[in-house]
2 protein chains.
Amino acid sequence: MKNYELVLHRVEAELAAGRLRIGGRLPGERALAEQLGISRPSVREAVRVLEAMGVVRTATGSGPDAGTVIVAEPVSPLTAVLRLHLATNHLPMGDVVQTRVLLESWAAREAASRSPELGAVSALLDRMDEPGLSPEEFHLLDAEFHVALAGLAGNVLIAAVMESLRSAIHGYVLAAVPNLADWEATAVGLRAEHRGIVAALAAGDGEGAAGLVAAHIHGFYQAARLPS
Amino acid sequence: MKNYELVLHRVEAELAAGRLRIGGRLPGERALAEQLGISRPSVREAVRVLEAMGVVRTATGSGPDAGTVIVAEPVSPLTAVLRLHLATNHLPMGDVVQTRVLLESWAAREAASRSPELGAVSALLDRMDEPGLSPEEFHLLDAEFHVALAGLAGNVLIAAVMESLRSAIHGYVLAAVPNLADWEATAVGLRAEHRGIVAALAAGDGEGAAGLVAAHIHGFYQAARLPS
DNA sequence: GGGTAGGCTGTGGTCCGACCACACGACGGA
DNA sequence: TCCGTCGTGTGGTCGGACCACAGCCTACCC
C-alpha cells in the first residue's frame with residue numbers, strides 16, 4: 001500500500017459517510033500529512049490525483065475559496081482518460097463514433113418522450129447560422145448542441161460521457177476538416193440536419209429524431225474520414 | 001500553468017506522435033525532471049496522475065519490468081471516477097442503472113448479429129451454479145458474466161465503460177444484499193435469467209436478448225432497493 | 001471617527017538533498 | 001559450471017526550506 005493511497009481512501013470514505021460534501025474543504029496539506037503520519041509530498045500526490053479525478057479543486061491564498069475544495073466535476077477526468085487512451089491508439093475512433101451514435105440516439109428517443117424545453121437548443125442553432133464562423137467556432141457550437149441534446153434526456157452520467165467524448169475528439173475533428181471536399185457546403189448540410197433533429201423532437205417523434213441523429217453522426221465521420 | 005502539467009502534455013504529445021508506445025518506458029524521474037527543468041516532486045505528481053489515468057504503471061527495482069512503463073488500462077480510471085462521484089452523491093444510482101440497461105441491451109443486440117462464441121460465457125454460468133457460493137463470490141462471477149457479454153459486441157470503449165460501471169457499484173450491490181427478501185431464491189432466479197439471455201443469443205434473437213437483459217437488470221435493482 | 005495602506009498569516013506551489021527498499025545483472029569465488 | 005554476493009539504477013519517502021498568493025486585521029493617517 002503506497003502512502004498517498006491512504007489519502008485517497010480517507011477522502012473517499014469521508015465522502016461516502018457524508019462528512020465531506022461539495023463545497024467543503026480538505027484539511028491543509030500539512031495537517032493532513034500529520035494526521036495520517038505521512039509526508040507532505042505524499043499528500044500532494046494524492047491531492048493531484050483527486051484533482052485529476054475532478055473531485056477537488058485547489059487554490060492558493062486564503063479566504064473561503066482558497067485551499068483544497070471538494071467539487072464534482074466528472075467531465076474533465078473522463079475527457080482526459082479518453083484523450084490519453086485515444087493517443088495510445090488502443091481506443092479505435094470507430095468505437096468512439098459507435099458509442100456516440102448509441103448514446104445520442106438513445107438520448108433523442110428519451111428526450112422526445114419528455115416534451116422538453118427546446119429554446120436553449122434552438123438558440124444554439126441560431127448562433128451556428130452566423131456567417132463567417134471558423135470551423136473551430138462552428139464545432140465548438142456543434143459540440144454544445146450535441147451535449148445539450150444529450151442533457152435533455154436527464155441522465156447526468158450519459159450526459160457527462162457524451163460531453164467527454166465530444167471534448168476528447170474535438171482536436172481530431174478539427175484536424176480532419178481539411179479532408180472535407182467543401183467545408184462551407186458541409187456546414188450547410190450539418191445545419192439542416194440539426195434543424196431536422198430539433199423539428200423531430202418538437203414533434204415528439206423520438207424514433208425519427210434518433211434515426212436523424214445516427215445518420216448525422218455517421219455522415220460527418222465518413223465525410224471527414226477520421227482515422228481508425 | 002503548473003509544472004507537473006508539463007509532464008502530462010509531454011507524455012500525451014509523445015503518445016500521439018507514436019514516439020511512446022505500449023510497453024515503452026518513460027525516462028527515469030530524475031532524468032525527466034532535468035529535461036523539463038523542473039524538480040523531481042513535480043515529475044512524480046504527474047506520474048501519479050498518469051498512473052491514476054491508467055496510462056503508466058510503476059515498479060521499483062531494475063530490469064525490463066521496472067521503472068515507469070506505458071500501459072493502456074482504461075478500466076481502472078473509469079472505475080475510480082465513477083466510484084468517487086457516486087460517493088459524492090452527485091451521480092444518482094438510477095442513472096447508472098439506466099446506463100447499464102442501455103449499454104448492455106445494445107451489446108446483446110449487437111452480439112446476436114455476430115453469432116459469437118459463447119463457450120466462455122457459458123463456462124461462467126456453470127461456475128455460478130456451484131452450491132455454497134457467497135453473495136460476494138456470486139456477484140464477482142455475475143460481473144464477469146455481464147462484462148463478457150458486453151465484450152461480445154466488439155466495442156472496447158463500451159466494454160470498458162461497462163466493466164467500470166460494474167466495478168464501481170460492486171460495493172453498493174454487496175451492501176444491498178441484506179435488503180433482499182431471500183438471497184438463495186434471488187440467486188436461483190438470476191441464474192435462470194442468465195441462461196435465458198445466453199439462449200436467446202445462441203438463437204440469434206438479439207431483440208429478445210436485449211429485452212431479457214433489461215428486465216434482468218431492472219429486476220435486480222428493484223429487488224435490492226439500491227439508494228437513489 | 002472613518003477610511004485606507006500596510007503587514008500578518010495561512011494556503012498551495014516548488015524545490016533540494018538525502019535515504020530507503022527493491023530487483024536485476026554482472027562479477028567473482030567455489 | 002554453478003551459485004552467492006555486491007553494484008547499480010529504479011521508484012518510494014521524507015524533512016525542511018522558500019516562494020507566491022490572497023484575505024484579514026491592525027495601525028496609521030486624514
Side-chain angles (χ1 to χ4, degrees), chain A residues 1-11 14-15 20-73 76-77 80, chain B residues 1-11 14-15 20-73 76-77 80:
Chain A
M1 167 80 78
K2 291 162 185 170
N3 273 350
Y4 80 97
E5 297 177 4
L6 290 175
V7 182
L8 298 184
H9 291 144
R10 161 78 153 259
V11 170
E14 303 243 314
L15 282 173
L20 275 180
R21 297 151 194 272
I22 312 285
R25 295 174 42 173
L26 247 53
E29 297 179 350
R30 296 161 179 85
L32 211 41
E34 194 176 355
Q35 284 178 31
L36 295 171
I38 60 180
S39 70
R40 195 178 158 212
S42 295
V43 171
R44 286 183 58 75
E45 291 176 13
V47 170
R48 280 283 185 262
V49 170
L50 291 171
E51 197 178 20
M53 294 292 195
V55 171
V56 304
R57 169 182 62 70
T58 62
T60 62
S62 73
D65 272 6
T68 305
V69 183
I70 309 289
V71 298
E73 175 51 67
S76 50
Chain B
M1 170 78 78
K2 292 164 186 170
N3 273 350
Y4 80 97
E5 297 177 5
L6 290 175
V7 182
L8 298 184
H9 291 144
R10 161 78 153 260
V11 170
E14 303 242 315
L15 281 174
L20 274 180
R21 299 152 193 271
I22 312 284
R25 295 175 44 171
L26 247 55
E29 297 179 351
R30 296 161 180 87
L32 210 43
E34 195 176 355
Q35 285 178 30
L36 294 171
I38 60 180
S39 68
R40 194 178 159 212
S42 295
V43 172
R44 285 183 58 75
E45 290 176 12
V47 171
R48 280 282 185 262
V49 171
L50 291 172
E51 196 178 19
M53 295 292 197
V55 172
V56 304
R57 169 182 63 71
T58 61
T60 61
S62 73
D65 272 7
T68 305
V69 308
I70 310 289
V71 298
E73 174 51 65
S76 50

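In what follows, chains carry the letters A, B, and so on, assigned in the order in which the sequence lines appear, proteins first and then strands, with residues in each chain numbered from 1.
An OP1 or OP2 oxygen of C:dC22 is reached within less than 4.0 angstrom by no side-chain nitrogen or oxygen of B:Thr60. Note on B:Thr58: a side-chain N or O is less than 4.0 Å away from OP1 or OP2 of D:dG12. Of the side-chain N and O atoms in B:Thr68, none sit less than 4.0 angstrom from OP1 or OP2 of D:dT10.
Protein atom CG of B:Asn3 is 14 Å distant from nucleotide atom C1' of C:dC16, rounded to whole Å. For A:Glu29 and C:dC15, the CD to P distance is 15 Å, given to the nearest whole Å. Counting to the nearest Å, the C1' atom of D:dC18 and the CZ atom of A:Arg44 are 13 Å from each other. Atom P of nucleotide C:dG13 and atom CD of B:Glu5 are separated by 10 Å, given to the nearest angstrom. Atom-to-atom, OH of A:Tyr4 to C1' of D:dG11 comes out at 12 Å; the value is rounded to the nearest Å. Rounded to whole Å, the distance from CG on B:Asp65 to P on C:dC24 is 8 Å. The CD1 atom of B:Ile38 sits 11 Å away from the C1' atom of C:dC15 (whole-angstrom rounding). The distance from atom CG of A:Leu6 to atom C1' of D:dT13 is 12 Å, rounded to the nearest whole Å.
Residues B:Glu34 and B:Arg30 are not paired through a salt bridge, judged by the lack of any N-O separation under 4.0 Å between the basic side chain and the carboxylate. With respect to the salt-bridge test (charged N to carboxylate O, under 4.0 angstrom), the residues B:Arg44 and A:Glu45 qualify.
The two atoms that bring A:Glu51 and A:Thr58 nearest to each other are OE2-OG1, 3.1 Å, heavy atoms only.
Taking the side chain of B:Lys2 as heavy atoms from C-beta on, and the options C:dC16, C:dG13, D:dG11, the nearest nucleotide is C:dG13. Nearest nucleotide to the side chain of B:Ser42, out of D:dT10, C:dT14, D:dC14: C:dT14.
Nucleic acid contact for B:Gly63: sugar-phosphate only, since backbone atoms but no base atoms lie under 4.0 Å from a heavy atom of the residue. Here A:Arg48 lies in heavy-atom contact (under 4.0 Å) with sugar-phosphate atoms only.
Judged by closest nucleotide on DNA chain C, A:Arg25 is the one of A:Arg25 and B:Pro64 placed further toward the 5' end.
A donor-acceptor contact under 3.5 angstrom links the side-chain atoms of B:Arg30 to the base of D:dG11. In terms of polar N and O atoms assigned as donor or acceptor, the side chain of B:Ser62 comes within less than 3.5 Å of the base of C:dC24 in a complementary pairing. The base of C:dG13 lies close enough to the side chain of A:Arg40 for a donor and an acceptor atom to sit less than 3.5 Å apart.
Within 6.0 Å of the CZ atom in B:Arg21, the count of heavy atoms belonging to other residues, nucleotides or ligands does not exceed 12.
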Self-check item: Audit row: B:Arg48, A:Glu5, salt bridge (Lys or Arg N to Asp or Glu O under 4.0 Å) steps and yes/no
Solution: CA-CA 11 Å; B:Arg48 280 282 185 262; A:Glu5 297 177 4; over 6 Å; no

